[in-house]
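These notes concern the structure reproduced below.
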Amino acid sequence: MFNTIAVEGAQFGDEGKGKITDYLAKKADIVVRFQGGNNAGHTVYHDGVKHALRALPSGIFTPKVINVIADGVVLNPQELIAEIDDNFPKGTKLTNLLISSRAHLILPYQIERDKMYEDMLKDKKIGTTKNGIGPTYSDKARRISLRVGDLLDKDYLKERLHNLAFFSNKELEANGYKTIDEEEVYENLLKYAEVLKPYISDTALYLNEKIIEGKKVIFEGAQGSLLDLDHGTYPYVTSSSPTSLSIPLNAGIAPNKISKVLAIMKAYMTRVGEGPMPSEVNNDFANIIREKAHEYGTVTHRPRRVGYLDLPILRYTCLLSGVSDIALTLFDVLREIEDLKVVVAYSYNGIETKNIPSNPKEYAQYKPIYKEFKTIPYYDTKKIKSFDDFPNEAKEYLNFIQKELGAPISIISLGPNPEDTLLLKELI
Ligand code: GDP
Ligand code: IMO
Ligand code: MG
């Protein structure tokens, strides 16, 4: 057994991965972001200050923790520099950050194309964050994108950039969009290279050495399992794999080096962007929760769609990702909420099912079958020191979930700050 744990969003993103990662990081040695890019918005309250992290791992505020941006991430260098400046005193050189030379760069070409593809899709759009995520991953597969390590070789950088600019500008121009000046991008990249140079390294090698030494490592997923490119509600997904399944490939470690998988679950469901969400409602339950928990996107500020907790989705995540433990977040939000229920199965064409179909049009027609729960009365979250301190109505909800999912709820989160966390089992 290695001292490693995956932190994975079990729904459609925004489950509180940042909060839980920062909380667990105090006991860890290394935190690794392994996929996605600045489409993520991870909220962390550290020492009472609110931070919205995009590409930086959520262990960044704990100085003894080394934070790794691994191979599978797509990185916007300009935005990363801005993120460091926004979250640390001006001119700070982080001593606890490593960036993989194999991570791919998001450049203006991919951002423009992300916007262009969304425009062209019109009412069939995905609702992306328009940060160039999809085009960068597709350019990676087409073998025309640039990598972080390319910043260290000026001539090679120019060569690679020319290739990307050639294909991208041709496409932008053909569709009536403004082309992007290659020379200007190159000059900017040389400036970013100077700032990022000290962080660039072979992170796969580093991680393997440290895991074997017995260091405590957290792999922090971005997005959520239902936004997984392969296993989510395709095409309404992101362009990487947020599940634990992708960690070996994206961090460059073997599958047997991941010891635990912690699924982060909101006590209800939210989704931003397009795509099916059977438990979505537009009623008091949704409206009250949206305001109480401020369910608006961290990145795009769009109102999040709200629904009841969906157990078929969570079961699917638990099975696919080998979930060993659950962190239930935003549980405080359910206090005094009326009309509390969870989805236990779906009905489709008169047939009951617990499966998630691959066709999103079919999935959009699934009607939830619910189990109702009594309203959880108000309780003071500060007085909850053990599971037994919860009101009976809360215990019933929690027990039902862990029994149905076959994994223990090892963390219950009762507020955005680290001190609002009930740890029921040591995880790292
Ligand atoms: P992430 O993307 O998974 O890191 O989640 P986000 O940060 O995008 O969204 C989670 C939101 O819920 C943030 O505003 C957090 O500050 C907040 N939050 C996290 N855990 C809790 C909790 O247990 N209770 C409450 N009330 N808010 C929480
Ligand atoms: P965190 O890490 C919620 C959604 C977008 C869109 C789809 C594709 O904060 O949980 P993309 O820009 O990735 O190509 O958009 O995925 N999306 C997220 N939704 N939380 C996120 O990240 C998300 N990252 C992407 O809204 O529907
Ligand atoms: Mg988020």
Side-chain angles (χ1 to χ4, degrees), residues 7-23 33 35-46 50-55 57-58 73-74 76 106 110-111 113-115 117-118 121 125-138 220-229 232-242 263-277 289-305 327-335 381 384 411-422:
V7 166
E8 169 183 326
Q11 292 148 323
F12 294 101
D14 304 324
E15 298 91 347
K17 300 175 291 292
K19 181 215 149 147
I20 299 296
T21 303
D22 167 67
Y23 171 81
R33 263 288 300 273
Q35 47 70 235
N38 59 325
N39 48 348
H42 293 185
T43 316
V44 168
Y45 284 80
H46 198 90
K50 182 180 178 178
H51 300 273
L53 296 175
R54 310 289 302 278
S58 298
V73 171
V74 286
N76 181 324
I106 303 177
Q110 286 115 349
I111 297 171
R113 279 165 46 217
D114 195 355
K115 292 177 188 158
Y117 299 145
E118 282 287 275
L121 281 168
K125 70 179 194 308
I126 307 298
T128 75
T129 62
K130 299 188 179 167
N131 282 302
I133 307 296
T136 305
Y137 278 117
S138 57
E220 177 187 13
Q223 291 82 51
S225 52
L226 268 283
L227 293 176
D228 185 286
L229 178 62
T233 54
Y234 189 90
Y236 302 100
V237 292
T238 190
S239 299
S240 68
S241 296
I264 316 296
M265 294 175 191
K266 243 178 214 188
Y268 47 91
M269 307 289 289
T270 61
R271 177 167 199 165
V272 242
E274 309 303 318
M277 178 183 174
I289 283 188
R290 189 175 297 109
E291 295 318 311
K292 230 175 146 178
H294 197 71
E295 291 292 0
Y296 294 87
T298 323
V299 176
T300 55
H301 309 291
R302 290 173 286 181
R304 291 176 184 149
R305 300 157 64 191
L328 195 76
T329 57
L330 291 114
F331 190 55
D332 53 304
V333 177
L334 292 190
R335 287 174 299 171
T381 55
I384 305 288
I411 295 181
I412 302 174
S413 177
L414 296 168
N417 286 288
E419 52 275 24
D420 309 319
T421 313
L422 180 66

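As the structure lists them, so they are numbered: ligands from 1, and atoms in each ligand from 1. Here the structure is a predicted model, which is why all the values come from computation and not from measurement. Just so it is clear, the values below take in all heavy atoms, side chains as well, and ignore hydrogens, waters and symmetry mates.
With contacts defined as side-chain heavy-atom distances shorter than 4.5 Å, the pair Arg302/Thr129 qualifies.
No part of Gln35 comes within 4.0 Å of ligand 2, judged by heavy-atom distances. Only backbone heavy atoms of Phe12 (N, CA, C or O) come within less than 4.0 Å of ligand 2; its side chain stays farther off. If you look at Thr300 next to ligand 2, there are no close heavy atoms at all, none under 4.0 Å. When heavy-atom distances to ligand 2 are checked against a 4.0 Å cut-off, Leu227 comes that close only through its side chain, counted from C-beta outward. Residue Arg271 does not touch ligand 2, judged by heavy-atom distances below 4.0 Å.
Ligand 2 has no atom lying under 4.0 Å from any heavy atom of Gly224.
Those atoms of ligand 2 with a heavy atom of Val237 less than 4.0 angstrom away are 7 (C), 8 (C). In summary, the atoms of ligand 2 found under 4.0 Å from a heavy atom of Ile126, numbered by their order in the structure, are 27 (O). Remark: ligand 2 atoms within the under-4.0 Å shell around heavy atoms of Ala222 are 2 (O). Every atom of ligand 2 is numbered from 1 in the order shown, and the set under 4.0 Å from a heavy atom of Gly127 is 5 (C), 6 (C), 26 (O), 27 (O). Shown in contact with Val272 at under 4.0 Å from a heavy atom are these atoms of ligand 2, numbered in order with element: 3 (C), 19 (N), 26 (O), 27 (O). Interface of Gly273 with ligand 2, defined as ligand atoms under 4.0 Å from a residue heavy atom, comprises 27 (O). Interface atoms of ligand 2 facing Thr129, defined by a heavy-atom separation under 4.0 Å, are 11 (P), 12 (O), 15 (O). Shown in contact with Asp14 at under 4.0 Å from a heavy atom are these atoms of ligand 2, numbered in order with element: 1 (P), 3 (C), 9 (O), 10 (O), 20 (N).
Closest of all the heavy-atom pairs between Val73 and Gly36 is CG1-O, 3.2 Å. The two residues Glu220 and Ser58 come nearest to each other via the heavy atoms OE2-OG, 2.6 Å. Of all non-hydrogen atoms in Met269 and Phe12, the two that sit nearest each other are CE-CE1, 3.8 Å. Residues Ala40 and Arg33 approach most closely at CB-NH1, 3.9 Å, considering heavy atoms. Taking each heavy atom of Asp332 and Gly415 in turn, the nearest pair found is OD1-N, 3.6 Å. Annotation for Asp228 and Val237: closest pair O-CG1, 3.4 Å, computed over non-hydrogen atoms.
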- Yes or no on side chain to side chain donor-acceptor pair (under 3.5 Å) for Thr270 and Asp14, after CA distance, side-chain angles and deciding distance? CA-CA 8 Å; Thr270 61; Asp14 304 324; 5.2 Å; no

- Task: Output, in order, the C-alpha distance, side-chain angles, deciding distance and verdict of side chain to side chain contact (heavy atoms under 4.5 Å, CB included) for Ser240 and Gln223.
- Result: CA-CA 9 Å; Ser240 68; Gln223 291 82 51; 4.1 Å; yes

- Query: Glu295 and Leu330: side chain to side chain contact (heavy atoms under 4.5 Å, CB included), yes or no, with the steps?
  - Reply: CA-CA 11 Å; Glu295 291 292 0; Leu330 291 114; 4.1 Å; yes

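The distance cut-off of 2.8 Å around the Mg ion (ligand 3) captures these protein N, O or S atoms, sorted by chain and number: Asp14 OD1, Gly41 O.
Looking at residues two or more places apart in sequence or on another chain, you find a side-chain hydrogen bond (donor to acceptor under 3.5 Å, both in side chains) between Asp420 and Lys382. Applying the side-chain hydrogen bond (donor to acceptor under 3.5 Å, both in side chains) criterion to Tyr117, with sequence neighbours excluded, gives Arg113, Glu171.
The closest donor-acceptor contact from the side chain of Asp114 to the backbone of Asn131 lies under 3.5 Å. Under the 3.5 Å distance criterion, the side-chain polar atoms of Lys292 are matched with a main-chain donor or acceptor of Arg335. Judged purely by atom type and a 3.5 angstrom limit, Ser225 uses its side chain to pair as donor or acceptor with the backbone of Ala10.
Among the atoms of Gly41, some N or O lies under 3.5 angstrom from an N or O of ligand 2. Remark: ligand 2 and Arg302 share an N or O pair separated by less than 3.5 Å (distance only, no angle test). Residue Glu15 places no N or O, backbone or side chain, under 3.5 Å from any N or O of ligand 2.
Of the options Gln223, Lys130, Lys17, the smallest heavy-atom separation from atom 23 (C) of ligand 2 is shown by Gln223. The heavy atom nearest to atom 11 (P) of ligand 2, considering only Asn38, Thr238, Thr270, is found in Thr238.
The structure places CE of Met265 at 7.0 Å from CD of Gln11, a figure rounded to the nearest 0.5 Å. Note that CG of Asn417 is 7.5 Å distant from NZ of Lys19, once rounded to the nearest 0.5 Å. To the nearest 0.5 Å, atom CD1 of residue Ile411 and atom OG1 of residue Thr329 are 10.0 Å apart. Separating the CZ atom in Arg54 from the CG atom in Asn76 is a distance of 9.0 Å, to the nearest 0.5 Å.
Nearest protein neighbour of atom 15 (O) of ligand 2, counting heavy atoms only, is Thr128 CA, 3.3 Å.
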Could you give the N/O to N/O pairs under 3.5 Å linking ligand 1 and the protein, each with its distance?
residue: ligand 1; atom: 2 (O); partner: Asp14; partner atom: OD1; Å: 3.4
residue: ligand 1; atom: 2 (O); partner: Gly41; partner atom: O; Å: 2.9
residue: ligand 1; atom: 3 (O); partner: Glu15; partner atom: N; Å: 3.0
residue: ligand 1; atom: 3 (O); partner: Gly16; partner atom: N; Å: 2.9
residue: ligand 1; atom: 3 (O); partner: Lys17; partner atom: N; Å: 2.8
residue: ligand 1; atom: 3 (O); partner: Lys17; partner atom: NZ; Å: 2.8
residue: ligand 1; atom: 4 (O); partner: Lys17; partner atom: N; Å: 3.3
residue: ligand 1; atom: 4 (O); partner: Gly18; partner atom: N; Å: 2.8
residue: ligand 1; atom: 5 (O); partner: Gly16; partner atom: N; Å: 3.2
residue: ligand 1; atom: 7 (O); partner: Thr43; partner atom: N; Å: 2.8
residue: ligand 1; atom: 7 (O); partner: Thr43; partner atom: OG1; Å: 2.6
residue: ligand 1; atom: 8 (O); partner: Asp14; partner atom: OD1; Å: 2.9
residue: ligand 1; atom: 8 (O); partner: Gly41; partner atom: O; Å: 2.9
residue: ligand 1; atom: 8 (O); partner: Thr298; partner atom: OG1; Å: 3.2
residue: ligand 1; atom: 8 (O); partner: Arg304; partner atom: NH2; Å: 3.4
residue: ligand 1; atom: 23 (O); partner: Leu330; partner atom: N; Å: 3.0
residue: ligand 1; atom: 23 (O); partner: Ser413; partner atom: O; Å: 3.1
residue: ligand 1; atom: 23 (O); partner: Ser413; partner atom: OG; Å: 2.5
residue: ligand 1; atom: 23 (O); partner: Gly415; partner atom: N; Å: 3.1
residue: ligand 1; atom: 23 (O); partner: Gly415; partner atom: O; Å: 3.4
residue: ligand 1; atom: 24 (N); partner: Asp332; partner atom: OD1; Å: 2.8
residue: ligand 1; atom: 24 (N); partner: Gly415; partner atom: N; Å: 3.2
residue: ligand 1; atom: 26 (N); partner: Asp332; partner atom: OD2; Å: 2.9

